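Everything below concerns the one structure shown next.
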Amino acid sequence: MPIAMQPVQSADFLARRADLRETAVERGPRSDALELAAGELLLRVDRFAFTANNVTYAVFGDAMSYWTFFPSHGGWGRVPVWGFADLERSACPGLEPGERIYGYLPMSTHLRVRPDRVTAKGFVDASAHRAKLPPVYNQYTRVSAEPRDREDAQMLFRPLFATAFLIDDFLAESAFFGAGRVLVSSASSKTSLALAFLLARNRGGSVRVVGLTSTRNRAFVERAGCYDEVASYDAIGALPAHEPAVFVDVAGDGPVRAQVHERFGERLAYSCLVGVTHWEERGAAQELAGPKPAFFFAPDRIRKRAAEWGPGGLDARLEESWKPFAEAAARWIEVVHRSGPDAVRDAYLEVLAGRTPPDRAYVLSLHQP
Ligand SMILES: NC(=O)c1ccc[n+]([C@@H]2O[C@H](COP(=O)([O-])OP(=O)(O)OC[C@H]3O[C@@H](n4cnc5c(N)ncnc54)[C@H](OP(=O)(O)O)[C@@H]3O)[C@@H](O)[C@H]2O)c1
């Protein structure tokens, strides 16, 4: 058995569902004592990305069932992350220990899954508690050994890049609702950067992309160079607003949204809510000038395009622009690796509080270094 696969003590990183700032690490049995039923695999979670996207999973843990993926107990939740795992033990014929797996994981050392629809490319976790959840999160990929830096890009950027791809695709399909400008909030987030990158690449200058960001992150967004214009939130009232615009709201900030709607009014051709990076500023629903914001949910759009484009159709299209985006992202963002329970807690609390500079991104492991 390779040294990396010797049994280790299992552990879960937990967040208090009612107060995400409260965390705990719960130790479990040694991994060779974790029970495995027939048909199950024990995955050893190796490394995972942690960004505002994962905070949003926790913020909507109850409302959108994100706590259901990896159940916990007593008011605690296991926050979902994207990452890589090694197959430690198998009670499922055809899947052998040592395989590397990519997919949706808990902030834990281990995860039990029940593979179904196994192919050379991957499998679906058919565990009963996940049956009603969006299929994209239940899909696991069998990966051959990738260079570490490519793994980092995959877990940090790929799910967010895929979301941005689907927004670009949706807006283009809707002819940008007749608008020639796209306003994107939380312009410094990876999702927004990917969207600006794709709009510039795919729409040949037919729309102008305006990045809205906080004052402290403005210089970073300008340096990235993928928006046509950059404005800080306090300058929304001075944006030129005589032409129709679309608003892609990644910040989910109530006062920012109200200002954008107020400034553009009926000239806001469409407004969609993608994220809530400013999760503490969501505010109560309120009367807004202009259109009612529509929720954009990537898994719904994946379902639609998968049906229309057939198996592999979405992946093939994603692949065309993935490599240039990953290269650009590597220039903008430094990946920071941290291991062990204390380091995971510190990074979690930093990202939760929005203190992580936009040019840094965490890849974490709960295992002791
Ligand atoms: N609807 C969907 O299907 C879907 C799919 C994927 C992602 N998303 C959402 O897209 C959003 C972006 O995720 P990401 O991982 O790309 O983000 P990220 O790269 O971690 O974003 C970091 C940026 O978000 C803002 N921010 C983060 N935390 C903050 C806080 N506590 N207070 C104030 N500002 C904060 C800051 O940007 P600014 O200063 O520029 O505001 C910061 O630079 C998330 O809400 C995620 O859930 C939605």
Side-chain angles (χ1 to χ4, degrees), residues 20-21 48-61 63-64 66 79-82 104 134 136-137 155-170 183-197 210-224 227 230-236 248-257 260 272-282 293-305 325 329 332-336 347-363:
L20 297 176
R21 288 184 192 78
F48 52 85
F50 195 81
T51 72
N53 185 38
N54 308 98
V55 171
T56 304
Y57 293 144
V59 169
F60 286 116
M64 295 184 65
Y66 285 113
V79 180
V81 289
W82 293 95
Y104 210 50
V136 63
Y137 299 118
M155 61 185 137
L156 261 174
F157 299 121
R158 184 74 180 213
L160 307 169
F161 170 79
T163 299
F165 177 94
L166 293 161
I167 299 169
D168 168 69
D169 172 57
F170 165 70
L183 314 171
V184 187
S185 64
S186 262
S188 64
S189 71
K190 290 165 241 340
T191 306
S192 301
L193 289 165
L195 176 60
F197 178 90
V210 183
L212 304 176
T213 187
S214 43
T215 312
R216 68 189 166 130
N217 292 332
R218 189 180 165 149
F220 165 80
V221 178
E222 283 174 341
R223 260 197 321 277
Y227 295 89
V230 181
S232 46
Y233 296 124
D234 56 13
I236 290 171
V248 178
D249 188 5
V250 179
D253 182 309
V256 165
R257 181 167 50 240
V260 169
C272 65
L273 178 59
V274 171
V276 286
T277 57
H278 298 194
W279 62 279
E280 292 182 283
E281 307 297 332
R282 279 173 292 158
F295 183 49
F296 181 93
F297 188 45
D300 290 344
R301 194 71 194 167
I302 289 173
R303 234 186 298 239
K304 172 180 153 57
R305 282 312 200 191
F325 173 73
W332 300 329
I333 296 165
E334 179 201 358
V335 180
V336 178
Y348 166 91
L349 290 173
E350 188 192 291
V351 174
L352 185 72
R355 283 188 276 110
T356 311
D359 60 356
R360 290 163 63 101
Y362 284 112
V363 166

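Hydrogens, waters and symmetry mates are skipped; everything else that's a heavy atom, side chains included, is used. Every number for a ligand or one of its atoms is a count from 1 in the order of the listing. All values derive from a computational prediction rather than experimental measurement.
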Of all heavy-atom pairs between Tyr227 and Val184, which one has the smallest distance, and what is that distance? CE2-CB, 4.3 Å
State, to 0.1 Å, how close Phe325 and Trp332 come at their nearest heavy-atom pair, and which atoms those are. CE1-CZ3, 3.7 Å
Atom pair CG/CD1 of Leu212 and Ile236 - distance to nearest 0.5 Å: 5.0 Å
Starting at OG1 of Thr51, measure out to CG of Leu160 and round the result to the nearest 0.5 Å. 5.0 Å
Give the minimum heavy-atom separation between Ala187 and Thr213, together with the two atoms involved. CB-CB, 4.2 Å
Rounded to the nearest 0.5 angstrom, the CG-CG distance for Leu195 and Leu166 is 11.0 Å
Set of residues that line ligand 1, where lining means a heavy atom lies under 4.0 Å from it: Thr51, Ala52, Asn53, Thr56, Leu160, Thr163, Ser186, Ala187, Ser188, Ser189, Lys190, Thr191, Thr213, Ser214, Asn217, Tyr233, Val250, Val274, Gly275, Val276, Thr277, His278, Trp279, Phe296, Phe297, Ala298, Leu352, Ala353, Gly354, Pro358
